[in-house]
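Below you'll find the structure, written out as structure tokens, and then a few comments.
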Amino acid sequence: MTYAVLAAIGNGVYNAVDGALNLAVLPNAETSGKDMGFINLANTLSQISGTVVASLIVTYLGGYKAIFPASFLIELVGAILIFRIKSVK
């Protein structure tokens, strides 16, 4: 239950900041709807691929217990990639 609460809070904060940042960096206000549609598609595809990756981890890397260390490593790679961003045009 504690994990679920912390994960929900973290996800909510991330989504709020991500949405605000996405709107702030769009190059053209007239095409913002189309641009946000592409961003939404990218987010949806990543969620779909996440379930596929999780099922592969469960099947081939030791069951459900392997999901937590694997997700930590994936999030660590994501954090490193985000910190490498120097600026936004």
Side-chain angles (χ1 to χ4, degrees):
M1 294 299 285
T2 303
Y3 172 77
V5 169
L6 293 175
I9 290 170
N11 193 33
V13 170
Y14 169 79
N15 285 335
V17 171
D18 187 50
L21 180 62
N22 285 334
L23 283 173
V25 299
L26 290 177
N28 187 353
E30 293 179 9
T31 61
S32 62
K34 179 186 72 157
D35 296 338
M36 290 300 288
F38 283 120
I39 292 170
N40 187 28
L41 179 63
N43 286 332
T44 303
L45 290 175
S46 65
Q47 290 176 353
I48 292 169
S49 64
T51 58
V52 172
V53 170
S55 68
L56 293 173
I57 290 169
V58 169
T59 303
Y60 297 110
L61 294 179
Y64 289 99
K65 290 181 180 180
I67 288 179
F68 289 100
S71 66
F72 174 76
L73 291 174
I74 292 168
E75 290 181 24
L76 186 62
V77 169
I80 291 169
L81 293 174
I82 288 172
F83 281 122
R84 292 183 49 88
I85 297 172
K86 301 294 183 202
S87 68
V88 177
K89 292 182 181 181

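Only a predicted model underlies this, so the values are computations on that prediction, with no experimental measurement involved.
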(message) Grouping I, L, V, M, F, W and Y whenever their side-chain heavy atoms are under 4.5 Å apart, do Y64 and I57 come out in a common cluster?
(response) yes
(request) Can you see which heavy atom on I48 is nearest to which on T51, and at what distance? (result) O-OG1, 2.7 Å
(message) When you group the ILVMFWY residues by side-chain heavy-atom contacts below 4.5 Å and let the links chain together, are V77 and I85 in the same group?
(response) no
(request) Look only at the side chain of S32 and the backbone of A29, and say whether a donor-acceptor pair between them is shorter than 3.5 Å. (result) yes
(request) Check whether V53 and L61 end up in the same hydrophobic cluster, where Ile, Leu, Val, Met, Phe, Trp and Tyr are linked by side-chain heavy atoms less than 4.5 Å apart. (result) yes
(request) Kindly give the heavy-atom pair with the smallest separation between S49 and S46, and that separation in Å. (result) OG-O, 3.0 Å
(request) Determine, using the 4.5 Å side-chain heavy-atom cutoff (strictly less than), whether L6 and V13 are members of one ILVMFWY cluster. (result) no
(message) Once side chain to side chain contact (heavy atoms under 4.5 Å, CB included) is applied, do any residues pair with I39, and if so which ones, sequence neighbours excluded?
(response) N22, L26, M36, N43
(request) Mind listing the closest non-hydrogen atom pair of V52 and S55 along with its distance? (result) O-OG, 2.7 Å
